[in-house]
Amino acid sequence: MFSLFKLWLLGSLFSIGFAQANDEVTLRLLEADSYRLQSSSAKIVTQVSQFEKQTLKKKHYYNVYIRPERESLVVFKAQSELGQKMLMLGDNYWLLMPNSRRPIRITPMQKLLGEASVGDVSTLTWSEDYQGELGETKQIEGVKAIHLKLEAKTSGASYQKIDLWLAQESNFPLQADLYLKSGKLAKQAYFEQGQRQGRAVVKTMTLVDSIQTSKSTVINYQSVEPHSLADKYYNPAYLSKQSLEQL
């Protein structure tokens with residue numbers, strides 16, 4: 001049975017064209033997205049743990065607010081980062097610092113930089129940012145998996161290309177290779193399944209740095225619940241004057 005989130009995503013496809021809505025890749029991506037995000041507008045409480053040689057080095061905490069049209073607000077919650085915010089409106093990005101009244105425009109590449117990539121916690125839908133084709137199948141830890149070769153269809157997508165592997169029967173995401181615009185492999189992602197309110201969800205995403213392979217990041221989606229913020233919170237000028245500690 002489709003969730004309300006999947007019905008919303010399917011509805012949005014009709015503005016692109018009925019033929020694409022029937023495309024197998026698109027439908028598989030819709031299903032894969034639903035394991036990470038169960039509502040078109042939601043609050044995601046996230047813990048990001050950074051490891052080096054399997055030793056925990058640092059933890060970050062974010063409250064992420066997602067709504068349709070590729071808009072999201074990330075509120076930094078770790079004590080050392082209080083007051084920081086990142087706003088994403090389509091292909092436009094701003095970083096807001098607590099001691100500055102001026103929102104800082106940043107590029108898609110810049111949102112992937114830093115100790116904990118905020119770009120990896122702020123974007124939870126592949127179906128909005130990518131298109132592609134089906135590849136081969138193979139076994140991944142005893143599960144028959146199908147390969148989706150994805151290319152970014154928006155300039156603000158976190159990665160230019162993704163080799164995504166989904167469980168063939170359920171479309172649960174298993175692993176992905178994430179490539180930059182230069183064609184360079186940036187990270188490899190691995191997804192762990194869990195349960196939330198009686199349904200299967202992505203519990204964690206582990207990212208392994210392709211260059212510094214001793215470093216990894218574990219993103220734990222502690223809670224995902226329907227939530228809608230007022231429009232004012234998606235305005236960089238308004239955000240620059242607010243601490244948002246209550247969010």
Side-chain angles (χ1 to χ4, degrees), residues 3-6 8-9 12 29-30 32-48 60-78 81-98 103-114 116-130 150 152-159 162 173 176 178 187 189 191 201-202 204-205 207 217 219-240 242-247:
S3 66
L4 291 176
F5 171 67
K6 281 183 279 187
W8 165 75
L9 280 175
S12 70
L29 287 178
L30 286 168
D33 282 341
S34 73
Y35 290 107
R36 299 201 294 168
L37 187 63
Q38 292 81 56
S39 176
S40 58
S41 296
K43 174 183 178 180
I44 304 100
V45 177
T46 307
Q47 174 186 284
V48 177
H60 302 261
Y61 300 90
Y62 306 101
N63 286 352
V64 184
Y65 296 86
I66 301 285
R67 72 177 189 175
E69 306 299 326
R70 299 172 53 236
E71 297 185 348
S72 59
L73 170 64
V74 180
V75 181
F76 294 58
K77 302 301 289 185
E81 300 172 311
L82 285 179
Q84 295 184 42
K85 304 170 282 284
M86 184 177 287
L87 177 66
M88 279 147 280
L89 304 178
D91 294 331
N92 299 302
Y93 309 89
W94 292 267
L95 178 64
L96 300 108
M97 303 300 290
I104 304 168
R105 287 293 294 265
I106 61 175
T107 67
M109 175 63 73
Q110 287 173 319
K111 74 181 171 69
L112 291 175
L113 301 178
S117 169
V118 182
D120 289 314
V121 301
S122 63
T123 306
L124 294 174
T125 57
W126 290 304
S127 56
E128 289 188 301
D129 285 333
Y130 295 92
L150 305 180
K153 62 183 181 182
T154 63
S155 61
S158 294
Y159 301 97
I162 297 178
L178 311 172
K187 301 169 186 175
F191 303 89
V201 297
V202 172
T204 65
M205 177 172 68
L207 298 166
T217 301
I219 299 174
N220 185 332
Y221 304 106
Q222 296 183 322
S223 68
V224 180
E225 57 187 35
H227 191 97
S228 295
L229 285 179
D231 288 344
K232 64 184 180 181
Y233 290 106
Y234 294 90
N235 183 326
Y238 175 81
L239 289 179
S240 64
Q242 309 296 323
S243 68
L244 303 190
E245 291 186 14
Q246 76 281 9
L247 293 185

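Since this is a predicted model, take the numbers as computed values, not measurements.
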Find the distance between CD (Glu71) and CG (Asn92) and round it off to the nearest 0.5 Å. 10.0 Å
Atom CG in Leu87, atom CD1 in Ile106: separation rounded to 0.5 Å? 9.5 Å
Pair Tyr159-Asp120, side-chain donor/acceptor within less than 3.5 Å: yes
Separation of Tyr62 OH from Ile219 CD1 (nearest 0.5 Å): 8.5 Å
Please confirm whether Phe76 and His60 have ring centers closer than 6.0 angstrom. no
Quick one: does NZ or CZ of Arg67 land under 6.0 Å from the six-membered ring centre of Tyr234, within 45 degrees of the ring axis? yes
Would you check, one step at a time, whether the test side chain to side chain contact (heavy atoms under 4.5 Å, CB included) holds for Arg70 with Thr154? CA-CA 10 Å; Arg70 299 172 53 236; Thr154 63; 3.3 Å; yes
Is a salt bridge present between Lys153 and Asp129, judged by a nitrogen-to-oxygen distance below 4.0 Å? no
Is any side-chain heavy atom of Ile44 closer than 4.5 Å to one of Ser223? no
Are side-chain heavy atoms of Gln38 and Val201 found at a separation under 4.5 Å? yes
Aromatic contact between Tyr65 and Tyr233, with the criterion being ring centroids under 6.0 Å apart: yes or no? no
How would you list, by chain and number, every residue that makes a side-chain contact (heavy atoms from CB on, under 4.5 Å) with Asn220, sequence neighbours excluded? Gln47, Thr204, Gln222
Using the ring centroid of each side chain, check whether Trp94 and Tyr238 are separated by less than 6.0 Å. no
Can you sort out the partners of Lys85 under side chain to side chain donor-acceptor pair (under 3.5 Å), two or more places apart, ordered by chain and number? none
Measure the shortest side-chain to side-chain distance between Trp126 and Ile162 over non-hydrogen atoms and say whether it is less than 4.5 angstrom. yes
Kindly indicate whether the side chain of Thr125, heavy atoms from C-beta on, has any atom under 4.5 Å from the side chain of Ile66. no
With side chains defined as the heavy atoms from C-beta onward, is the minimum distance between Gln84 and Leu96 less than 4.5 Å? no
Shortest non-hydrogen contact from Ala42 to Val224? CB-CG1, 4.4 Å
Below 4.5 Å, heavy atoms only, C-beta onward: do Leu150 and Leu29 meet side chain to side chain? yes
Can you tell me how far the CG atom of Leu73 sits from the CE atom of Met86, to the nearest 0.5 Å? 10.5 Å
Just by distance, no angles: are the side chains of Asp33 and Ser127 close enough, under 3.5 Å, to form a donor-acceptor pair? yes
Which atom pair, heavy atoms only, marks the closest approach of Ser72 to Ser122? OG-O, 3.4 Å
Heavy-atom check, side chain of Tyr93 versus side chain of Thr107, under 4.5 Å: no
Would you please name every residue forming a side-chain contact (heavy atoms from CB on, under 4.5 Å) with Ser228, sequence neighbours left out? Ser41
Between Pro173 and Phe191, the two heavy atoms sitting closest are O-CB, 3.3 Å
So does Lys77 get a backbone contact from the side chain of Glu81, meaning a donor-acceptor N/O pair under 3.5 Å? no
Please tell me if the side chains of Leu247 and Asn63 come closer than 4.5 Å, counting only heavy atoms from C-beta onward. no
